[in-house]
Q: 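The structure follows.
Protein chains get the first letters and strands the later ones, always in sequence-line order, with residue 1 at the start of each.
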Number of protein chains: 2
Amino acid sequence: MADSGSLQVLVEGLRRLPGVGAKSASRMAFHLLQHDRAGAQALARALTQAVDHVRHCALCHTFTEDEICSTCADPRRDASKLCVVETPADQSAVERTAAFKGRYFVLMGRLSPLDGIGPRDIGMHELIERACDGVVQEVILATNFTAEGEATAHAIASALKSRGLAVTRLARGVPAGSELEYVDLSTIAHALVDRR
Amino acid sequence: MADSGSLQVLVEGLRRLPGVGAKSASRMAFHLLQHDRAGAQALARALTQAVDHVRHCALCHTFTEDEICSTCADPRRDASKLCVVETPADQSAVERTAAFKGRYFVLMGRLSPLDGIGPRDIGMHELIERACDGVVQEVILATNFTAEGEATAHAIASALKSRGLAVTRLARGVPAGSELEYVDLSTIAHALVDRR
Ligand SMILES: [Zn+2]
Ligand SMILES: [Zn+2]
């Protein structure tokens, strides 16, 4: 598009975003340069800030700007219950139900052998260490009810049960095949109460 | 999502991109921070570079990093023909046909009274000045065949014809390679009217 190497580089940069093809990237670049240069500058600053400041919580692996995230640092949370979710968005979905007052472990992904994502990538070792700290009494598996989420739950359950931990799974109130992020809150809340 | 102001600011920055809602912005931010921090840094640099270096060609208004774009500066192009397009992407489409060897004027938009986009925003004044330079003999209107594109072509045609310029419009017709049976009726009707 047009007569500019910088523009071409910008289009290529935008194409690295998930779900953005060549046409959308061109449209985004055109929009930013023609109508929202302040937005382009704000986005550049936000990207740099986030890369510089966002890291993983030492206890639960979610994104945070501190050593320990606010949920892990909150002494009012029940440390005997550990809820395992795939992503921060899934954790937010569980939090919004207000039906869980324990702590979390965020896998930041799911097992996916076809994509080369194995136990190391989802922090399996750290999860086992965390779950076996002597304080955690129950691990609630809240991975998605997709094929990969179920396989991930199964692998974690095997590893933890063999170490004598109580492991539960969100009840099948959540429709099969769906992702937590898109499920209505009362369904998630019921699934928490009915966990088995 | 999660425990970070920087992350929230990044999600808001991504939402300023056209076609990106709250969910996509969260997914993009997660992807960049979890799997492609180099991509995030590259995008930040590309945005800054583009904002700093990309400007509008003084003659045709398209994006360029120079005072005059390479198409306008090319002495082999026929200066007597001026093709008017809405965007650099449309200009690229016409260029790829290799059927036009004249010059361009890029409106960088289209008239859209409902969105508050008027003649000033599409450089109507500059277009008239350019078309009336004494060298241009024919102005070819290649705005899109949408309601707004047609209205834009109509407004430009009125302004230029009243100044005694030859103004033509891309022919409406049946797309090459298509079967009449599957072509919508208004297209066939237009092709009949524009038969040659
Ligand atoms: Zn944490
Ligand atoms: Zn130019």
Side-chain angles (χ1 to χ4, degrees), chain A residues 1-7 9-14 16-20 23-24 26-55 57 62-66 69-72 87-89 91-92 106 108-109 181-182, chain B residues 1-7 9-14 16-20 23-24 26-57 62-66 69-73 87-89 91-92 106 108-109:
Chain A
M1 178 165 90
D3 190 41
S4 160
S6 301
L7 184 53
V9 170
L10 175 56
V11 171
E12 281 154 25
L14 289 163
R16 287 177 82 151
L17 295 170
V20 176
K23 293 255 170 180
S24 320
S26 292
R27 191 164 303 131
M28 287 171 174
F30 178 85
H31 174 82
L32 290 174
L33 290 170
Q34 186 68 12
H35 301 294
D36 193 14
R37 289 191 176 220
Q41 287 167 318
L43 179 53
R45 279 194 304 272
L47 286 160
T48 305
Q49 281 281 108
V51 167
D52 288 350
H53 294 296
V54 176
R55 50 179 172 160
C57 171
T62 197
F63 290 134
T64 179
E65 293 179 37
D66 303 305
C69 77
S70 60
T71 309
C72 288
T87 65
Q91 179 182 350
S92 293
V106 188
M108 304 303 267
E181 196 177 340
Y182 301 106
Chain B
M1 178 165 91
D3 190 42
S4 159
S6 300
L7 185 54
V9 170
L10 175 56
V11 171
E12 281 155 25
L14 290 163
R16 287 177 81 150
L17 295 170
V20 176
K23 294 259 169 174
S24 319
S26 291
R27 189 164 303 130
M28 287 171 174
F30 178 84
H31 174 82
L32 290 174
L33 290 170
Q34 185 68 12
H35 302 293
D36 193 15
R37 290 192 175 219
Q41 287 167 318
L43 179 54
R45 279 193 305 272
L47 286 160
T48 304
Q49 281 281 109
V51 167
D52 288 349
H53 295 295
V54 176
R55 49 179 173 161
H56 293 96
C57 171
T62 197
F63 291 133
T64 179
E65 292 179 38
D66 304 305
C69 77
S70 60
T71 310
C72 287
T87 65
Q91 180 182 352
S92 293
V106 188
M108 304 302 267

Q: Please find the pair of heavy atoms, one from A/V54 and one from B/L33, that lie closest to each other, and give the distance.
A: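 Taking A/V54 first and B/L33 second, the nearest heavy atoms are CG1-CD1, 4.0 Å.
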Q: Specify the closest pair of heavy atoms between B/S6 and A/A50, including all atoms of both residues, with the distance to one decimal.
A: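 For B/S6 and A/A50, the tightest heavy-atom pair comes out as CB-CA, 4.0 Å.
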Q: Is A/L32 in contact with chain B via its backbone, its side chain, both, or neither, using a 4.5 Å heavy-atom distance?
A: side chain
Q: In Å and rounded to the nearest 0.5 Å, what is the OG1 to CZ distance from B/T87 to A/F30?
A: 6.0 Å
Q: Who wins among B/S24, B/G13, B/P18, B/A40 for the most heavy-atom pairs under 4.5 Å with chain A?
A: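 If we count pairs closer than 4.5 Å to chain A, B/P18 comes out on top.
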Q: Under 4.5 Å from any heavy atom of chain B, what part of A/E12 do you find: side chain, backbone, both or neither?
A: neither
Q: Which residue out of A/V106, A/V9, A/D36, A/D52 racks up the most heavy-atom pairs below 4.5 Å with chain B?
A: A/D36
Q: Which one, B/G109, B/G19, B/C57, B/G39, leads in non-hydrogen pairs under 4.5 Å with chain A?
A: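 Highest number of pairs under 4.5 Å: B/G39.
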Q: Top residue by heavy-atom pair count (under 4.5 Å) with chain A, among B/Q34, B/R55, B/H56?
A: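 Option with the greatest count: B/Q34.
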Q: Which one wins on heavy-atom pair count under 4.5 Å against chain B: A/R45, A/M108, A/H31?
A: A/M108
Q: Using a cut-off of under 4.5 Å for heavy-atom pairs, which of B/Q41, B/R37, B/H35, B/Q49 has the most such pairs with chain A?
A: B/R37
Q: Check each atom of A/V20 against the heavy atoms of chain B and say whether the ones under 4.5 Å are side chain, backbone, both or neither.
A: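 Side chain of A/V20 only, per the 4.5 Å heavy-atom cut-off to chain B.
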Q: Just verifying a value: how many Å separate B/L10 CG and A/H53 NE2, rounded to the nearest 0.5 Å?
A: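 Rounded to the nearest 0.5 Å, the CG-NE2 separation comes to 12.5 Å.
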Q: Nearest 0.5 angstrom please: B/L14 CG to A/L47 CG, how far?
A: 6.0 Å
Q: Is any side-chain heavy atom of A/T48 closer than 4.5 Å to one of B/T48?
A: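 Not in contact.
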